[in-house]
Amino acid sequence: MTEDHKGKQEETGKKPSLNFIESMIERDLKNQLHGDKVLTRFPPEPNGYLHIGHAKAISLNFGLAQKYNGNCNLRFDDTNPVTEEDEYVQSIKEDINWLGFKWANEFFASDYFDQLYAWAVKLVEMGKAYVDDQSAEKISETRGTPTRPGIESPHRTRSVEENLRLLEGMKNGEFNDGEKVLRAKIDMASPNMHLRDPAMYRIKKAPHHRTGNKWCIYPMYDFAHGQSDFIEGITHSLCTLEFEVHRPLYDWFLDQILEDKNAYRPRQTEFARLNINYTIMSKRKLLELVEEEHVTGWDDPRMPTISGMRRRGYTPLSIRNFAEKVGIAKRNNIIDVALLEHSVREDLNKISQRVFAVLDPLKVILTNYPENKEEEMMAVNNPEDENAGKRPVMFSRELYIEQEDFMENPPKKFFRLAPGGVVRLKYGYIIQCNEVVKDQSGNIKELHCEYFPESRSGSDTSGIKVKGTIHWLSAKHAVPAELRMYDRLFSDEDPSGHKDKDYREFLNPDSLIINEKAFVESSLRNAKPLDHFQFERKGYFSADHDTSSDKPVFNLTVTLRDSWAKISG
RNA sequence: UGUCCUAUGGUGUAACUGGCAACACGUCUGAUUUUGGUUCAGAAGAGUCUAGGUUCGAGCCCUAGUAGGACAACCA
């Protein structure tokens, strides 16, 4: 190594550590397996909304393409018309776009139906596929078990001519659903169940969201995926671990179809899917939550869907950073939600506008403050961003502070307001609590305090020392708002990990608490849906699409870290 | 009574076979702070599932075991 190189390496710090897929790609690039080409693909089935697990796969596939100067295709795996809908393809495209990725081409497996059918005919001609008349149940029975070989179908030895005729008949709608199925002729005794004459085509007399009524037979995933990769020239076909046992079949179909065994072929590589504690990632279960109305829809802010997280106030960057942080490996994992929350806070801290909001109001009357006086206090919009500027916040005689910022009998380490104590109103004055006014039942109704005129923020000559600073709102100027306070949807770390219990049993009854007694700064009347704010000392909130100037509505994205909560329990 | 995959601090990911293991999250100290936020400084926490083997030398290679996961839709 030259001095030059050494210097460069020292400048850039440590060698970047690669995950096993990056190592493979770099090895392939070095061996010029596909020249300098890197082409990946993200292949969602349009039968549901994308979730955070997909975000990991998206970041991987698109990220790899970016890193290695390649491209990534978006390919909808639409081989099962009964579960797939155009609504889903639209939402998927919107979500990927929102995450900030651009696909090189938009394809559909259904684009390849003609070619796939031609290949099926070819396999029949080669004697590698046959039409089976057995029912799905019968085929299932005769498939054997992982430890016991299957039994060959009586139709396995049909002549090529008959198979060809039958396949043609299937395609032409001469048979009903389930009456016939095209099977690959491989090995009923294979220890790999997927090689025991797997189905290639089944009859489904259902309209397809793109091909309409053109077809009544549809290829199975296994007969479509590898060939689709091949057609597009995909170099690295990445999928999750459960497809590992499908890889021999992926390769088998390619082996039959490829003329030149040494020519280009795509290769499947599997990585571990994302799991996060306190959440579920199964599309089927997420669909159930929507259909059974445990949530308000796919974009309910409690859902781990991209659209739900967007509405909750997550940013694209925070999700991409999260996907980066969880890493790529083959080991099953359960990521702590704390990492996700850290990722949003990290981004939101940098970009979000600070505002005052009082979630649980307690009235404070400044007895020595003139009745009709109002002042504009200048508040910093974002201490992390000098260019964010300042804004005026109205101050007056009657204020709201947080209920929890006052305690009649405070513990030792309580730095906020208490009888006879002082506290700084941020950007305002220091006040002292002189009287606690209660109603008949003994509940605290309001606080009578005095303010120190010479303690005004920025020109404080009072010399008074305070231990705490709290936020506040002028009662006269505060705007009532609806705050949707979200908590985790499930109360169990692994809701679907209990054999004897349904995941629904762990739904958290307090996952949404609507706060309608809160007040916010009047500037928030103008908040636009998806705008991000930090309600100082409370948390990050995002305006919901239900928000209006009459009634601002915000979703809690995530609370601020709260070390006081740890101390106070 | 099968095949395949995996096994590193609480969690997740690293470590180009060769300095009793690094980074992030989390946890705990302390400092700063007109957000009990942020930031900063620091600490605790694993001897790399077990047993053998190869080697001068193994978290990395081999064998066996153990544990976890995947596979028996005409789903993807």
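In what follows, every chain begins at residue 1, and chains take the letters A, B, ... in the order their sequences are listed.
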Any side-chain heavy-atom pair of A/Leu556 and A/Phe535 under 4.5 Å: no
Sugar-phosphate, base or nothing in reach of A/Ala136, heavy atoms under 4.0 Å: base
Base B/U38 to side chain A/Arg345, donor-acceptor N/O within 3.5 Å cut-off: no
Out of B/G26, B/C71, B/A14, whichever nucleotide has its closest atom nearest the side chain of A/Arg561: B/G26
Proximal nucleotide (of B/G12, B/U13, B/U27) relative to the A/Ile335 side chain: B/G12
Phosphate contact (B/A73 OP1 or OP2) by A/Ser140 side-chain N/O below 4.0 Å: yes
A/His246 (side chain) and B/A76 (base): donor-acceptor pair under 3.5 Å: yes
Out of B/A70, B/G36, B/U34, whichever nucleotide has its closest atom nearest the side chain of A/Val245: B/A70
Counter-base of B/U34, judged by Watson-Crick or G-U geometry with both distances under 3.5 Å: none
Residue pair A/Leu74 / A/Pro44, side-chain heavy-atom distance below 4.5 Å: yes
Counter-base of B/U50, judged by Watson-Crick or G-U geometry with both distances under 3.5 Å: B/A64
Worked verdict on A/His194 versus A/Asp222 for side chain to side chain donor-acceptor pair (under 3.5 Å): CA-CA 9 Å; A/His194 295 277; A/Asp222 288 303; 4.7 Å; no
Among B/C75, B/G36, B/C4, the nucleotide that comes nearest once only the side chain of A/Glu244 is considered: B/C4
Donor-acceptor pair present, A/Arg537 side chain and B/U35 base, under 3.5 Å: no
Who pairs with B/A22 - Watson-Crick or G-U, where each distance is under 3.5 Å: B/U13
Along RNA chain B (nearest heavy atom to each residue), the more 5'-positioned of A/Tyr221 and A/Leu18: A/Leu18
Side chain of A/Arg416 - closest among B/A76, B/C74, B/G36: B/G36
Proximity to the side chain of A/Pro191 - top-ranked nucleotide from B/G2, B/G36, B/C25: B/G2
Touch class at under 4.0 angstrom, heavy-atom based, for A/Phe76 against every strand present: nothing
Sugar-phosphate, base or nothing in reach of A/His225, heavy atoms under 4.0 Å: nothing
Touch class at under 4.0 angstrom, heavy-atom based, for A/Ile328 against every strand present: sugar-phosphate
Sugar-phosphate only, base, or nothing, as touched by A/Glu45 at under 4.0 Å among non-hydrogen atoms: sugar-phosphate
Syn/anti label of B/A73 as read from its glycosidic torsion, with the cut at 90° from 0: syn
Nucleotide B/U3, atom P - distance to CZ of A/Arg196 in whole Å: 12 Å
C1' gap between B/U48 and B/A21, integer Å: 8 Å
Base of B/U34 paired with side chain of A/Ser457 (donor-acceptor, under 3.5 Å): yes
Donor-acceptor pair under 3.5 Å, A/Glu384 side chain vs B/G37 base: yes
Test side chain to side chain donor-acceptor pair (under 3.5 Å) applied to A/Ser237 and A/Arg41, step by step: CA-CA 7 Å; A/Ser237 182; A/Arg41 103 268 92 113; 3.1 Å; yes
d(CZ, A/Phe452; P, B/U34) in whole Å: 19 Å
Ring-ring centroid check A/Phe414 A/Trp564, cutoff 6.0 Å: yes
Out of B/C74, B/G37, B/G36, whichever nucleotide has its closest atom nearest the side chain of A/Trp564: B/G36
Sugar-phosphate, base or nothing in reach of A/Ser190, heavy atoms under 4.0 Å: nothing
Ionic contact status for A/Arg158 with A/Asp132, cut-off 4.0 Å: no
Chi class for B/G47: syn within 90° of 0, otherwise anti: syn
P spacing across the pair B/G45 / B/A51, given as an integer number of angstrom: 23 Å
Sugar-phosphate only, base, or nothing, as touched by A/Lys566 at under 4.0 Å among non-hydrogen atoms: sugar-phosphate
Whole-Å gap separating C1' (B/U34) and CD (A/Gln534): 14 Å
is_close_aromatic(A/Phe107, A/Phe76), centroid dist under 6.0 Å: no
Sugar-phosphate, base or nothing in reach of A/Leu339, heavy atoms under 4.0 Å: sugar-phosphate
Whole-angstrom distance between B/A14 and B/A46, as gauged at atom C1': 14 Å
For B/G2, the Watson-Crick or wobble counterpart (both distances under 3.5 Å): B/C71
Most 5' of A/Gly468 and A/Phe243 on RNA chain B, judged by nearest nucleotide: A/Gly468
Nearest listed nucleotide, side chain of A/Met193, among B/C75, B/C71, B/U35: B/C71
Touch class at under 4.0 angstrom, heavy-atom based, for A/Asp562 against every strand present: sugar-phosphate
Gap between atoms CG and P, on A/Asn19 and B/A15 respectively (whole Å): 9 Å
Residue-phosphate contact under 4.0 Å: A/Thr145 side-chain N/O, B/G2 OP1/OP2: no
Sugar-phosphate only, base, or nothing, as touched by A/Lys538 at under 4.0 Å among non-hydrogen atoms: nothing
